[in-house]
Amino acid sequence: MAATNKVFAVARKDIKEAFSSKSTYIYVIFLLAFMLPYYGILKDIFGSLSKRGASMADLLLPGQTLSNIAFYTFPLVLAMLICSIFSAYSIIMDKTKRTLESLLATSVSLRQIWLGKTLAVAVPSIVLSLLLSILALVACNLIIVVPAIGRFIVPDSLSLAIGLVIIPVMTFLIVLVVNFFQLTMTNPRIANLIFPGIFIGIFISTVISLGKSYDFAPTYLKITLIVIGILIAVNLLLSRFLTKDRVILSSKG
């Protein structure tokens, strides 16, 4: 219990600092604009089909497909973008202010610091990415879908499971990797490149796989589960190389 309290204490400190900055809120507002193209695509599809006299069933199919895709792609894209911002208030800030050594001198172990700072980045990023994704889908339904077909379109169960469970787990594991390198690298900002790197890798893998299959969600689930397995193995390996000497030397560099 004491170890858990120490982990959460580290996480709370960083989260408080992040949300005390106006730039965090400005960035969240900016991300809302990031989803505008989705509105345009959905509106164009419904408008085109309506002009052709499409039935409600014809309108429901593309709406359901886009809703499913959005709910397991929006959380991943948004989480990667938001993580890069919250990382600036975690290890990077501690190294800039030279406070990391003081934290290492306390009773908090290095692995507790690693886990606490990972929670500080991953938890708010996951929560915000899911809230923004849900907000986007609700807005699309109210503005475009309901006027066209008279009902809400909710993502199917598999898409919900990917968005609500698989993506958060993968995000946490990615942040663990990033934080390891931020702790051990002289320039921790370079480690942030892992966020877009992994996202681009998943995107390319998905596009290649979908060239052979149009069953989107199962293909996406398979790829993300493979990525999660790799990330678990990588984190177990990296944990063996996490030492105070490495962290202190990187801070002095």
Side-chain angles (χ1 to χ4, degrees), residues 4 7-8 11-12 14-15 18 28 31-32 34-35 38 63-87 90 114-141 152-180 194-210 213-236 238-239:
T4 303
V7 169
F8 285 129
R12 282 195 299 269
D14 289 347
I15 292 174
V28 170
L31 289 177
L32 290 173
F34 172 81
M35 293 178 283
Y38 175 76
Q64 185 68 63
T65 300
L66 284 174
S67 179
N68 293 342
I69 293 173
F71 201 74
Y72 54 73
T73 54
F74 277 176
L76 176 61
V77 177
L78 292 172
M80 295 300 97
L81 292 172
I82 297 172
C83 279
S84 64
I85 293 299
F86 278 94
S87 287
S90 187
W114 185 27
L115 181 57
K117 289 189 171 296
T118 297
L119 290 174
V121 175
V123 171
S125 299
I126 291 168
V127 171
L128 285 173
S129 66
L130 289 176
L131 286 176
L132 290 174
S133 298
I134 293 171
L135 178 63
L137 290 174
V138 170
C140 275
N141 270 284
F152 263 69
I153 294 180
V154 179
D156 62 29
S157 57
L158 181 56
S159 300
L160 288 172
I162 294 173
L164 295 173
V165 180
I166 301 299
I167 298 303
V169 170
M170 186 167 64
T171 299
F172 176 79
L173 293 171
I174 292 172
V175 177
L176 268 178
V177 174
V178 172
N179 278 357
F180 170 85
I194 295 175
F195 289 128
I198 292 179
F199 167 70
I200 291 172
I202 294 173
F203 177 77
I204 293 174
S205 300
T206 304
V207 170
I208 293 173
S209 299
L210 290 177
S213 170
Y214 291 98
D215 204 358
F216 294 92
T219 300
Y220 195 85
L221 176 62
K222 179 180 178 181
I223 291 171
T224 51
L225 287 176
I226 291 172
V227 172
I228 286 174
I230 293 172
L231 287 170
I232 290 173
V234 168
N235 277 300
L236 289 174
L238 292 177
S239 66

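All values derive from a computational prediction rather than experimental measurement. Along the sequence shown, residues carry numbers from 1.
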A.B. asks: For residues 73-82, please give each side-chain donor-acceptor pair under 3.5 Å, one per line with the distance, not counting sequence neighbours.
C.D. replies:
{"unit_1": "Thr73", "atom_1": "OG1", "unit_2": "Ile69", "atom_2": "O", "d": "2.7"}

A.B. asks: Roughly how far, to the nearest 0.5 Å, is CD1 of Ile228 from CG of Leu221?
C.D. replies: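 It comes to 8.5 Å.
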A.B. asks: At their closest point, which heavy atom of Trp114 faces which heavy atom of Phe180, and how far apart are they?
C.D. replies: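 Heavy atoms of Trp114 and Phe180 come nearest at NE1-N, 3.5 Å.
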A.B. asks: Give a yes or no on whether the backbone of Tyr220 and the side-chain of Tyr72 come within a donor-acceptor separation of less than 3.5 Å.
C.D. replies: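 No, because the side chain of Tyr72 does not come within donor-acceptor range (under 3.5 Å) of the backbone of Tyr220.
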A.B. asks: What is the minimum heavy-atom distance between Phe86 and Ala120, and which atoms define it?
C.D. replies: CD2-O, 4.2 Å
A.B. asks: Output all residues satisfying side-chain hydrogen bond (donor to acceptor under 3.5 Å, both in side chains) with Thr118, sequence neighbours left out; order by chain, then residue number.
C.D. replies: Asn179
A.B. asks: Report the distance from atom CG of Leu176 to atom CG of Leu119, rounding to the nearest 0.5 Å.
C.D. replies: 8.5 Å
A.B. asks: I'd like to know whether Asn68 forms a side chain to side chain contact (heavy atoms under 4.5 Å, CB included) with Thr65, so could you lay out the CA-CA distance, the side-chain angles of the two residues, the decisive distance to 0.1 Å, and finally the verdict.
C.D. replies: CA-CA 5 Å; Asn68 293 342; Thr65 300; 5.6 Å; no
A.B. asks: Hey, are the side chains of Val178 and Cys83 touching, using non-hydrogen atoms and a 4.5 Å cut-off?
C.D. replies: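 When only atoms from C-beta onward are counted, Cys83 and Val178 do not touch, as no gap falls below 4.5 Å.
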A.B. asks: Report, one line per pair, each donor and acceptor closer than 3.5 Å where one atom sits in a side chain of residues 159-172; sequence neighbours left out.
C.D. replies:
{"unit_1": "Ser159", "atom_1": "OG", "unit_2": "Asp156", "atom_2": "OD1", "d": "2.8"}
{"unit_1": "Thr171", "atom_1": "OG1", "unit_2": "Ile167", "atom_2": "O", "d": "2.8"}

A.B. asks: Under the side-chain hydrogen bond (donor to acceptor under 3.5 Å, both in side chains) rule, collect the residues that match up with Asn141, sequence neighbours excluded.
C.D. replies: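 Listed in chain order: nothing, the list is empty.
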A.B. asks: Sequence neighbours left out, what passes side-chain contact (heavy atoms from CB on, under 4.5 Å) with Leu131? Give chain and number order.
C.D. replies: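 If we apply the side-chain contact (heavy atoms from CB on, under 4.5 Å) test to Leu131, skipping adjacent residues, the hits are Val127.
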A.B. asks: Write down the atom of Val154, the atom of Gln64, and the distance for their closest heavy-atom approach.
C.D. replies: O-NE2, 2.9 Å
A.B. asks: With sequence neighbours left out, write down each residue that passes side-chain contact (heavy atoms from CB on, under 4.5 Å) with Ser87, or none if nothing qualifies.
C.D. replies: Val121, Gln182, Asn192, Phe195
